Participant: 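This structure is in structure tokens; I'll ask about it shortly.
Keep in mind that what you see is a predicted model, and the values were worked out from it rather than measured.
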Amino acid sequence: MVLEATMICIDNSEWMRNGDYSPSRFQAQADAVNLISGAKTQSNPENTVGILTMAGKGVRVLTTPTTDLGKILACMHGTLDVEIGGEMNMTAAIQVAQLALKHRQNKNQQQRIIVFAGSPVKFDKKMLELLGKKLKKNSVALDIVNFGEEDDEKTDKLEALLAAANNNESSHIVHIPPGPNALSDVLISTPVFNGEAGGSGFAAAAAAAAAGGGGGDFEFGVDPNLDPELALALRVSMEEERARQEAAAKRAADEPSRAEKVEGASSNSQDVSMVHNTDDKAAEETGNNAAPMDEVNALLHQAIALSMQTPPSDSVVRDVDMSEATHEDQELAIALQLSMQEDAKDGSSQSDMSKVLEDQSFMSSVLASLPGVDPNDPSVKDLLASLQGQSEQSEEKKKEDKPPSDEK
């Protein structure tokens with residue numbers, strides 16, 4: 001970074017009222033001065049810039065070389081400080097600028113004068129060459145910005161001045177004809193803006209901000225060369241915000257499908273729970289109905305088993321079971337009573353049969369009445385005898401099973 005002190009000579013003559021540069025020559029020149037001032041002060045913290053006018057009532061220093069960019073901008077935008085009128089006095093302005101640089105506080109700063117020439121040059125060529133040689137002798141670099149109408153005489157004079165002041169290619173001249181491009185836009189790519197190093201490394205944003213342009217050409221409005229940390233912080237913040245917005249958009253897009261899945265799952269669970277509830281109710285009803293049926297079947301089987309038993313002792317048990325069953329099922333009680341009646345009929349019929357077999361005369365008459373049967377046949381007699389024997393055995397068994405009567 002070059003350490004230098006710069007004096008900028010601005011043209012405030014009557015030609016600055018022309019509108020061939022947007023919005024006017026003077027305003028276009030003011031923007032370019034702000035651009036260069038911002039670039040110089042930002043390239044090195046110890047660089048100083050001063051402003052003086054070349055027309056009006058005479059050469060006037062608006063501000064001596066200073067590092068305060070705000071002071072420079074204030075003097076350029078104040079209408080009372082800059083009066084437009086008269087003719088440009090270039091030689092006097094360059095001499096005053098050289099004198100201001102001579103009294104700079106930091107003697108290590110290189111000296112530079114930048115001249116904005118937007119009006120005709122009244123001095124002859126030889127005088128300008130002498131002035132240029134003086135600048136070269138005092139190691140003062142000279143930059144010239146030639147704008148306005150194209151004038152060959154003016155161009156020759158300015159080039160002669162530059163050639164006399166140039167020392168090791170430290171001086172430069174820029175010709176900017178009228179056109180749609182602003183002076184500041186053209187100067188960005190010239191050595192007048194970039195300096196001797198061929199580029200200060202600072203883009204036009206800071207200077208454009210100083211000129212009131214706001215640095216709109218840079219991302220987030222901040223030049224990364226001027227403030228890399230702020231530019232990085234803004235870029236990271238923007239990336240995080242973009243990622244957050246994308247995640248929110250994705251989450252919002254996934255919510256409808258997720259809601260549909262949840263609704264489907266809940267409906268399926270409701271269906272399954274309804275099926276389970278139905279099955280449970282059916283199982284409960286089946287169990288409630290099956291329990292009495294099993295009990296009835298068990299009792300019925302027990303009753304049938306008891307009815308098949310012939311011992312008198314079992315009849316007591318059957319009577320007890322029948323009495324217990326009467327309270328539970330009336331139909332079962334009726335079935336048991338019918339079964340007992342049939343047993344009684346079978347017993348009475350067996351007793352009647354035994355009585356008939358004991359009457360031999362009756363049996364002989366019955367056998368004689370049968371055709372083809374001989375009562376005197378030995379086989380018939382043996383059959384009658386065996387029947388009578390079985391009848392007697394059954395009677396004896398009944399007498400034995402009958403409990404003895406209590407003695408008085």
Side-chain angles (χ1 to χ4, degrees), residues 6-37 40 49-63 72-73 75-101 112-125 127-128 131-132 135 140 142-162 165 171-179 181-187 190 192-193 207 211:
T6 305
M7 285 296 295
I8 301 178
C9 304
I10 61 175
D11 187 355
N12 59 328
S13 63
E14 289 291 341
W15 280 268
M16 294 300 102
R17 301 182 187 274
N18 293 347
D20 49 356
Y21 294 88
S22 178
S24 65
R25 284 190 185 184
F26 183 79
Q27 188 60 45
Q29 178 186 219
D31 293 341
V33 170
N34 293 335
L35 174 72
I36 295 175
S37 301
K40 295 293 185 181
V49 177
I51 305 294
L52 63 82
T53 59
M54 296 187 293
K57 295 181 180 181
V59 177
R60 181 183 177 188
V61 177
L62 300 180
T63 178
I72 300 171
L73 298 178
C75 71
M76 285 302 300
H77 289 280
T79 55
L80 296 178
D81 294 336
V82 180
E83 296 179 359
I84 299 177
E87 295 182 353
M88 177 181 64
N89 189 350
M90 181 179 291
T91 57
I94 293 175
Q95 291 176 1
V96 172
Q98 181 181 0
L99 183 61
L101 293 175
R112 182 176 295 274
I113 298 175
I114 300 176
V115 178
F116 282 84
S119 60
V121 178
K122 300 297 182 180
F123 302 95
D124 57 9
K125 190 174 181 180
M127 183 178 293
L128 294 175
L131 181 60
L135 294 175
V140 178
L142 178 65
D143 291 335
I144 301 175
V145 179
N146 180 23
F147 66 102
E149 296 90 348
E150 295 183 1
D151 187 356
D152 295 338
E153 183 181 358
K154 174 186 175 183
T155 303
D156 293 339
K157 292 180 180 181
L158 294 177
E159 289 181 350
L161 174 62
L162 180 69
S171 301
H172 313 89
I173 186 171
V174 178
H175 302 282
I176 304 176
N181 295 327
L183 292 179
S184 57
D185 294 340
V186 177
L187 288 176
T190 62
V192 175
F193 175 79

Participant: L128 and side-chain contact (heavy atoms from CB on, under 4.5 Å): which partner among T91, I94, L162?
Facilitator: T91
Participant: Determine the minimum heavy-atom distance between M16 and D11, stating which atoms define it.
Facilitator: CG-O, 2.9 Å
Participant: Under a 4.5 Å cut-off applied to non-hydrogen side-chain atoms, are T190 and D143 in contact?
Facilitator: no
Participant: Atom CG in L142, atom CD1 in I113: separation rounded to 0.5 Å?
Facilitator: 6.5 Å
Participant: Taking K122 for its side chain and E87 for its backbone only, find out whether a donor-acceptor pair lies under 3.5 Å.
Facilitator: no
Participant: Locate the shortest heavy-atom distance separating W15 from R25; write the atom from each residue and the value.
Facilitator: O-CD, 3.1 Å
Participant: Quick one: CZ on R112 to CG on L135, what's the gap to the nearest 0.5 Å?
Facilitator: 12.0 Å
Participant: If I compare all heavy atoms of T53 with all of L62, which pair ends up nearest, and what's the gap?
Facilitator: CG2-CD1, 3.8 Å
Participant: Can you tell me how far CG of D124 sits from CD of E153, rounded to the nearest 0.5 angstrom?
Facilitator: 10.0 Å
Participant: If the threshold is 4.0 Å, N to carboxylate O, is there a salt bridge linking K125 and D156?
Facilitator: no
Participant: Where the side chain of Y21 meets the backbone of A182, is there a donor-acceptor pair that is under 3.5 Å apart?
Facilitator: no
Participant: Donor-acceptor check, side chain of K157 to backbone of V121, threshold 3.5 angstrom: yes or no?
Facilitator: yes
Participant: Is there side-chain contact between I36 and K40, with heavy atoms separated by less than 4.5 Å?
Facilitator: yes
Participant: Which atom names give the shortest non-hydrogen contact between V59 and A93, and what distance separates them?
Facilitator: CG2-N, 3.8 Å
Participant: Within this structure, what is the CD1-CG distance for the pair I173 and L161, rounded to the nearest 0.5 Å?
Facilitator: 8.0 Å
Participant: Do I176 and L187 have side chains that get closer than 4.5 Å, going by heavy atoms?
Facilitator: yes
Participant: Any side-chain heavy atom of T155 sitting closer than 4.5 Å to one from H175?
Facilitator: yes
Participant: Does CD in E150 sit with more than 12 non-hydrogen atoms of other residues, nucleotides or ligands closer than 6.0 Å?
Facilitator: no
Participant: Show the nearest heavy-atom pair for residues N12 and F26, with the distance to one decimal.
Facilitator: CB-CE1, 4.2 Å
Participant: Rounded to the nearest 0.5 Å, what separation is found between the CG atom of L52 and the OG1 atom of T63?
Facilitator: 10.5 Å
Participant: Can you see which heavy atom on A55 is nearest to which on G86, and at what distance?
Facilitator: CB-C, 4.4 Å
Participant: Calculate, to the nearest 0.5 Å, the distance between atoms CD and CD1 belonging to Q29 and I10 respectively.
Facilitator: 5.5 Å
Participant: Are F123 and N89 close enough that some pair of their side-chain heavy atoms sits under 4.5 Å apart?
Facilitator: yes
Participant: Do M90 and L158 have side chains that approach each other closer than 4.5 Å (heavy atoms only, starting at C-beta)?
Facilitator: yes
Participant: Using a 3.5 Å distance criterion without hydrogens, assess whether the side chain of S37 forms a donor-acceptor pair with backbone atoms of N34.
Facilitator: no
